[in-house]
Amino acid sequence: MSRPHRRPGSGIRSAWWCEFSTRTPAFGDGDERVLLRAQSAETPTQAMVWIRLAVRVLLSGFDPRDTERAYHWLDHGQWEAVARLADGEPYAFTAAAGRTHVEWSARPVLFLPLAHTATGPLWRCTEPALCACTARGHRCGGHRR
């Protein structure tokens, strides 16, 4: 997979989507993924900085084997991750804390521009008499506020 590219004039821009999630076995052998945080990063390095800081915060709670692996990754492995992201590949770092597995991931994405016009947003209120919106450029019933 190659890295997404910006498309000049289209408003489409490439970035990296970062997520932090956990999985804890529920009852028996099933588990459920819980997304705890997500954000975008403008560069692969910025994505790794976000992951690196989050790993360092939770490092003391990891199982001993994963603590050692995380220290090694913090010292050496993150640069491989930056290179993989720059090449358009997704990357994930996982660790265990008891029965809970935590995962930080980043992947390349394309962000689309939001629809708008030169005079303001495209949307109009369906009930202009009830609208209390005072946003600049907002239109109700064809009347500019």
Side-chain angles (χ1 to χ4, degrees), residues 1-127 130-140 144-145:
M1 177 180 188
S2 64
R3 181 177 179 265
H5 299 285
R6 293 182 190 269
R7 301 209 170 112
S10 69
I12 296 174
R13 67 180 178 84
S14 62
W16 286 262
W17 188 247
C18 306
E19 294 182 347
F20 170 52
S21 60
T22 63
R23 285 187 194 274
T24 302
F27 302 100
D29 53 7
D31 63 3
E32 182 177 326
R33 178 179 183 260
V34 177
L35 178 63
L36 299 174
R37 180 147 185 202
Q39 73 176 48
S40 65
E42 295 297 316
T43 66
T45 302
Q46 191 180 53
M48 277 304 106
V49 166
W50 183 76
I51 292 173
R52 178 185 165 94
L53 290 173
V55 168
R56 289 180 68 191
V57 167
L58 295 178
L59 187 61
S60 64
F62 295 164
D63 293 346
R65 191 177 122 242
D66 284 338
T67 300
E68 185 68 31
R69 191 172 56 81
Y71 274 121
H72 180 75
W73 180 80
L74 288 167
D75 287 340
H76 307 288
Q78 63 186 321
W79 304 115
E80 176 192 338
V82 169
R84 287 177 55 187
L85 287 172
D87 287 341
E89 298 176 36
Y91 183 81
F93 181 84
T94 59
R99 293 178 38 165
T100 301
H101 295 272
V102 292
E103 178 179 276
W104 294 269
S105 62
R107 65 183 184 276
V109 295
L110 291 173
F111 285 111
L112 304 174
L114 296 175
H116 69 282
T117 66
T119 59
L122 296 174
W123 45 266
R124 293 180 186 263
C125 292
T126 57
E127 296 292 331
L130 302 175
C131 181
C133 182
T134 59
R136 183 177 174 164
H138 179 74
R139 295 175 181 222
C140 272
R144 193 171 171 87
R145 288 192 178 211

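These figures come from a predicted structure and were not determined experimentally.
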Checklist entry - If only atom types and distance count, is the side chain of Thr67 paired as donor or acceptor with the main-chain N or O of Phe62 below 3.5 Å? => result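 Checking the backbone N and O of Phe62 against the side chain of Thr67, a donor-acceptor pair under 3.5 Å is found.
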Checklist entry - Taking Trp16 for the side chain and Leu85 for the main chain, is one N or O donor matched with an acceptor at less than 3.5 Å? => result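 Checked: pair present.
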Checklist entry - Is it the case that more than 12 heavy atoms not belonging to Phe111 sit under 6.0 Å from its CZ atom? => result yes
Next on the checklist: Looking at Asp87 and Arg84, is there a salt bridge between them, counting it only when a charged N and a carboxylate O are closer than 4.0 Å?
Outcome noted: no
Next on the checklist: Using side-chain contact (heavy atoms from CB on, under 4.5 Å), reason through Arg69 and Asp63 one step at a time and then give a plain yes or no.
Outcome noted: CA-CA 10 Å; Arg69 191 172 56 81; Asp63 293 346; over 6 Å; no
Checklist entry - How about His72 and His76: do any of their side-chain heavy atoms sit closer than 4.5 Å? => result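 Yes, side chains in contact.
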Euclidean distance, [Y] [atom2] relative to [X] [atom1], rounded to 0.5 Å:
{"X": "Arg107", "Y": "Cys18", "atom1": "CZ", "atom2": "SG", "answer": "9.5 Å"}
{"X": "Glu80", "Y": "Tyr91", "atom1": "CD", "atom2": "OH", "answer": "6.5 Å"}
{"X": "Thr100", "Y": "Arg23", "atom1": "OG1", "atom2": "CZ", "answer": "12.0 Å"}
{"X": "Asp66", "Y": "Trp73", "atom1": "CG", "atom2": "CH2", "answer": "13.0 Å"}

Checklist entry - In chain order, what residues pass the side chain to side chain contact (heavy atoms under 4.5 Å, CB included) check against Leu74, with sequence neighbours excluded? => result Arg52, Val55, Arg56, Leu59
Sequence neighbours left out, cut at 3.5 Å: what donor-acceptor pairs do the side chains of residues 43-50 make with other protein atoms?
from, atom 1, to, atom 2, distance (Å)
Thr43, OG1, Gln46, N, 2.9
Gln46, OE1, Glu42, N, 2.4
Trp50, NE1, Gln39, OE1, 3.1

Checklist outcome for this item: Between Phe20 and the options Leu58, Ile51, Leu35, the side chain to side chain contact (heavy atoms under 4.5 Å, CB included) test singles out Leu58
Next on the checklist: Name the residue from Glu19, Glu103, His101 that meets the side-chain hydrogen bond (donor to acceptor under 3.5 Å, both in side chains) definition with Arg33.
Outcome noted: Glu19
Checklist entry - Where is the tightest heavy-atom contact between Gly88 and Pro108, given as atom of each residue plus distance? => result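 That closest heavy-atom pairing would be O-CG, 3.3 Å.
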